[in-house]
Amino acid sequence: MFIEALQHYISQLAISDRFKQQLSAEPTLKAYVFYVELPQYLAPLFPRVSETQLRDLTIYSYLYFSFIVTVDKLVDEPTAGGISHQTRRLFDVLSLQETAVQGLTTLFPVGTPFWAQFHQCKQRYTAANLEEKKYAELRPALTVQQFEHLAAGKSAICFAMVHALSNLGQDTTHVEALLECLASIHIGSQYFDDVEDFAQDWEQKQYTYAHAQVAAYLTNLGIDPEAIPVNLQHRYLYTSGLAYDLMEQGKKHYQHSLELAQRLGLDQLATYLEPQIATYTAQMSRVQQVVARARKAAQDSSTPTSLVA
């Protein structure tokens with residue numbers, strides 16, 4: 001609804017043309033469509049929010065989201081593209097943050113409850129990222145509770161959207177249900193991402209719940225996980241059934257979010273979630289088929305079977 005307004009606003013920003021193109025390109029907006037459209041998804045519960053406020057919130061929240069995403073990339077790849085490129089990118093991202101905060105201040109004057117709530121979201125996000133780095137260093141056994149707490153915390157900046165609309169609409173009735181809905185979406189996504197990015201995360205020294213589960217599985221078999229290369233661990237992720245189990249948990253969280261969206265009458269959000277669930281269901285079916293074929297081949301031959309997941 002506000003894509004053109006967003007693209008026009010980005011075109012006027014005092015940042016490099018390259019960064020403008022990246023922020024407003026169709027592939028980027030499509031990849032982050034959930035975050036671009038989130039204000040509209042939730043807007044039906046806040047009828048006092050005007051169309052102008054919704055448009056401005058869409059623009060400034062997307063700019064702040066892009067700031068967070070780009071900072072994450074700068075931290076993960078501090079020398080990618082060379083020093084001059086990274087310096088230019090740093091100035092771009094600082095300008096983006098400044099513009100986003102200035103814009104949000106026009107919607108939420110200093111002293112309004114939103115800023116304290118936003119601060120809490122940022123604190124939770126920061127704590128989750130620090131916790132994730134600690135896990136990557138220590139590689140402990142992780143419980144499902146630890147994993148889901150971490151996954152929700154990593155998405156805490158997104159929760160600020162609920163507080164923003166609640167402040168603009170002067171209505172706190174559905175805040176808790178919406179926060180639960182958004183948390184379940186992100187927890188569900190994290191389950192699937194951990195399976196899909198298993199090898200990549202390992203190479204980037206990120207330690208995920210999927211890694212912890214495979215390590216526990218191997219240990220129970222009397223195998224030292226540290227002695228197993230990541231490509232073999234990747235096979236165990238699937239042949240053990242762990243990949244399917246993790247995806248099943250992810251789908252349950254998505255289903256819970258869909259049920260909440262439907263109960264709250266958020267038709268656009270439900271329309272977004274339904275095909276996501278269908279895609280995940282199809283992905284789980286393919287995993288089952290691949291694993292079944294691999295297991296059968298292993299039984300029929302003494303030659304080790306490679307598994308392409």
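By convention here, the first residue in the shown sequence is residue 1.
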**Request:** Taking the side chain as every heavy atom from C-beta outward, state whether Glu132 and Asn129 have any pair of such atoms under 4.5 Å apart.
**Result:** yes
**Request:** Nearest 0.5 Å please: distance from the CG atom of Leu260 over to the NE2 atom of His174.
**Result:** 12.0 Å
**Side chain proximity check, Asn167 to Gln117, heavy atoms < 4.5 angstrom** = yes
**Prompt:** Is there a side-chain contact between Val214 and Phe198, using heavy atoms and a 4.5 Å cut-off?
**Reply:** yes
**Prompt:** Would you find a donor on one side and an acceptor on the other, under 3.5 Å apart, between the side chain of Thr143 and the backbone of Gln146?
**Reply:** yes
**Message:** For Tyr135 and Glu131, which I'm curious about, is there any donor-acceptor pair between the side chains at under 3.5 Å?
**Reply:** yes
**Message:** Counting C-beta onward and ignoring hydrogens, is there a side-chain heavy-atom pair between Tyr217 and Ile223 closer than 4.5 Å?
**Reply:** no
**Message:** If I take atom CG from residue Leu269 and atom CD from residue Glu274, how far apart are they, to the nearest 0.5 angstrom?
**Reply:** 10.0 Å
**Request:** Report the residues that fulfil side-chain contact (heavy atoms from CB on, under 4.5 Å) with Gln21, sequence neighbours left out, ordered by chain and then residue number.
**Result:** Ala25
**Request:** Using the rule that two of Ile, Leu, Val, Met, Phe, Trp, Tyr join whenever any of their side-chain heavy atoms come within less than 4.5 Å, decide whether Leu130 and Ile68 are in one cluster.
**Result:** no
**Asked** Which of these passes side-chain contact (heavy atoms from CB on, under 4.5 Å) with Tyr62: Leu29, Leu38, Ile3?
**Response** Leu29
**Request:** Answer yes or no on whether Lys30 is positioned over the face of Tyr32, meaning its NZ or CZ is under 6.0 Å from the six-membered ring centre and within 45° of the axis.
**Result:** no
**Request:** Any chance you could lay out the side-chain contact (heavy atoms from CB on, under 4.5 Å) test for Thr172 and Val175, step after step, and finish with the verdict?
**Result:** CA-CA 5 Å; Thr172 61; Val175 166; 4.2 Å; yes
**Prompt:** What residues form a salt bridge (charged side-chain N to carboxylate O under 4.0 Å, His left out) with Glu37, not counting sequence neighbours?
**Reply:** none
**Prompt:** Under a 4.5 Å side-chain heavy-atom rule over Ile, Leu, Val, Met, Phe, Trp and Tyr, are Met247 and Phe147 clustered together?
**Reply:** yes
**Message:** Quick check: do Leu218 and Ile228 have side-chain heavy atoms less than 4.5 Å from each other?
**Reply:** yes
**Asked** Is atom CD of Glu51 surrounded by more than 12 heavy atoms (other residues, nucleotides or ligands) closer than 6.0 Å?
**Response** no
**Message:** Taking Tyr41 as the starting point, is it possible to reach Leu266 by hopping between hydrophobic residues whose side chains are less than 4.5 Å apart?
**Reply:** yes
**Asked** Between Ala5 and Ile59, what is the shortest heavy-atom contact and its length?
**Response** O-CD1, 4.1 Å
**Request:** Output, in order, the C-alpha distance, side-chain angles, deciding distance and verdict of side-chain contact (heavy atoms from CB on, under 4.5 Å) for Val144 and Tyr191.
**Result:** CA-CA 11 Å; Val144 66; Tyr191 273 110; 3.2 Å; yes
**Message:** Using ring centroids (six-membered ring only for Trp), state whether Phe19 and Phe91 fall under 6.0 Å.
**Reply:** no
**Item:** Glu26 versus Gln7, side-chain donor and acceptor atoms under 3.5 Å
**Value:** yes
**Item:** Reported CG-to-CD distance for the pair Asp56 and Gln53, which is rounded to 0.5 angstrom
**Value:** 8.0 Å
**Request:** Check whether Phe114 and Val162 end up in the same hydrophobic cluster, where Ile, Leu, Val, Met, Phe, Trp and Tyr are linked by side-chain heavy atoms less than 4.5 Å apart.
**Result:** yes
**Message:** Is there a side-chain contact between Leu57 and Leu168 in this structure, where contact means two heavy atoms from C-beta onward sitting under 4.5 Å apart?
**Reply:** yes
**Message:** I'd like to know whether Tyr238 forms a ring pair (Phe, Tyr, Trp, His ring centres under 6.0 Å) with Tyr244, so could you lay out the CA-CA distance, the side-chain angles of the two residues, the decisive distance to 0.1 Å, and finally the verdict.
**Reply:** CA-CA 7 Å; Tyr238 285 89; Tyr244 185 86; over 10 Å; no
**Prompt:** Does Pro109 offer a backbone N or O that forms a donor-acceptor pair with the side chain of Thr112 under 3.5 Å?
**Reply:** yes
**Prompt:** Does Leu13 reach the side chain of Leu63, with side-chain heavy atoms less than 4.5 Å apart?
**Reply:** yes
**Request:** With rounding to the nearest 0.5 Å, note down the distance linking OG1 in Thr58 to OH in Tyr9.
**Result:** 13.0 Å
**Prompt:** Do Trp202 side-chain atoms and Tyr207 backbone N/O form a donor-acceptor pair below 3.5 Å?
**Reply:** no
**Prompt:** Ignoring hydrogens and geometry, is there a side-chain-to-backbone donor-acceptor pair from Ser155 to Cys158 under 3.5 Å?
**Reply:** no
**Item:** Exam field: side chain Thr105 to backbone Val101, donor-acceptor pair closer than 3.5 Å
**Value:** yes
**Message:** Ignoring hydrogens and geometry beyond distance, is a side-chain donor-acceptor pair present between Ser166 and His163 at under 3.5 Å?
**Reply:** no
**Request:** Test Gln268 against Gln40 for side-chain contact (heavy atoms from CB on, under 4.5 Å), laying out the working first.
**Result:** CA-CA 8 Å; Gln268 282 187 286; Gln40 291 176 239; 4.2 Å; yes
**Asked** Is the number of heavy atoms from other residues, nucleotides or ligands within 6.0 Å of NZ (Lys133) greater than 12?
**Response** no
**Request:** Kindly determine whether Gln249 and Asp245 satisfy side chain to side chain donor-acceptor pair (under 3.5 Å), including the steps that lead there.
**Result:** CA-CA 6 Å; Gln249 289 302 313; Asp245 290 344; over 6 Å; no
**Prompt:** Between Leu150 and Leu142, is any pair of side-chain heavy atoms under 4.5 Å apart?
**Reply:** no
**Fill in**
Nearest heavy-atom approach of Ala152 to Ala183 is CB-CB, 4.4 Å
**Which residues share a side chain to side chain donor-acceptor pair (under 3.5 Å) with Ser189, sequence neighbours left out** = Tyr254
**Message:** Keeping Lys20 on the side-chain end and Ser11 on the backbone end, is there a donor-acceptor pair under 3.5 Å?
**Reply:** yes
**Message:** Taking Tyr125's backbone N and O only, do any of them form a donor-acceptor pair with Lys154's side chain (distance below 3.5 Å, no angle check)?
**Reply:** no
**Item:** Intermediate values then yes/no, side-chain contact (heavy atoms from CB on, under 4.5 Å), Leu96 and Leu23
**Value:** CA-CA 11 Å; Leu96 200 64; Leu23 293 175; 3.8 Å; yes
**Request:** Under the salt bridge (charged side-chain N to carboxylate O under 4.0 Å, His left out) rule, collect the residues that match up with Asp92, sequence neighbours excluded.
**Result:** Arg88
**Asked** With distance as the sole test, does Gln97 use its side chain to make a donor-acceptor pair with the main-chain N or O of Tyr64 at under 3.5 Å?
**Response** no
**Request:** Please determine, by modelled atom types, if Gln206 and Asp197 share a side-chain donor-acceptor pair under 3.5 angstrom.
**Result:** no
**Asked** Just by modelled atom types, is the Ala282 backbone N or O under 3.5 Å from a matching donor or acceptor in the Ser285 side chain?
**Response** no
**Request:** Determine whether the side chains of Glu148 and His253 contain a donor N or O and an acceptor N or O closer than 3.5 Å.
**Result:** yes
**Request:** First locate atom CD of Gln255, then atom CD1 of Ile277, and finally report the distance between them rounded to the nearest 0.5 Å.
**Result:** 4.5 Å
**Asked** Just checking, is any N or O donor in the side chain of Gln22 or Arg89 under 3.5 Å from an acceptor N or O on the other one?
**Response** yes
**Asked** Would a hydrophobic clustering, with Ile, Leu, Val, Met, Phe, Trp and Tyr connected at side-chain separations under 4.5 Å, put Leu74 with Phe65?
**Response** yes
**Request:** Please name the pair of heavy atoms, one in Thr219 and one in Pro225, separated by the smallest distance, quoted to 0.1 Å.
**Result:** OG1-CG, 3.5 Å
**Item:** Main-chain N/O of Ile185 paired to Ser257 side chain as donor or acceptor, under 3.5 Å
**Value:** yes
**Prompt:** How about Tyr35 and His186: are their ring centroids closer than 6.0 Å?
**Reply:** yes
**Request:** Would you please name every residue forming a salt bridge (charged side-chain N to carboxylate O under 4.0 Å, His left out) with Lys251, sequence neighbours left out?
**Result:** none
**Item:** Partner set under side chain to side chain donor-acceptor pair (under 3.5 Å) for Tyr280, not counting sequence neighbours
**Value:** none
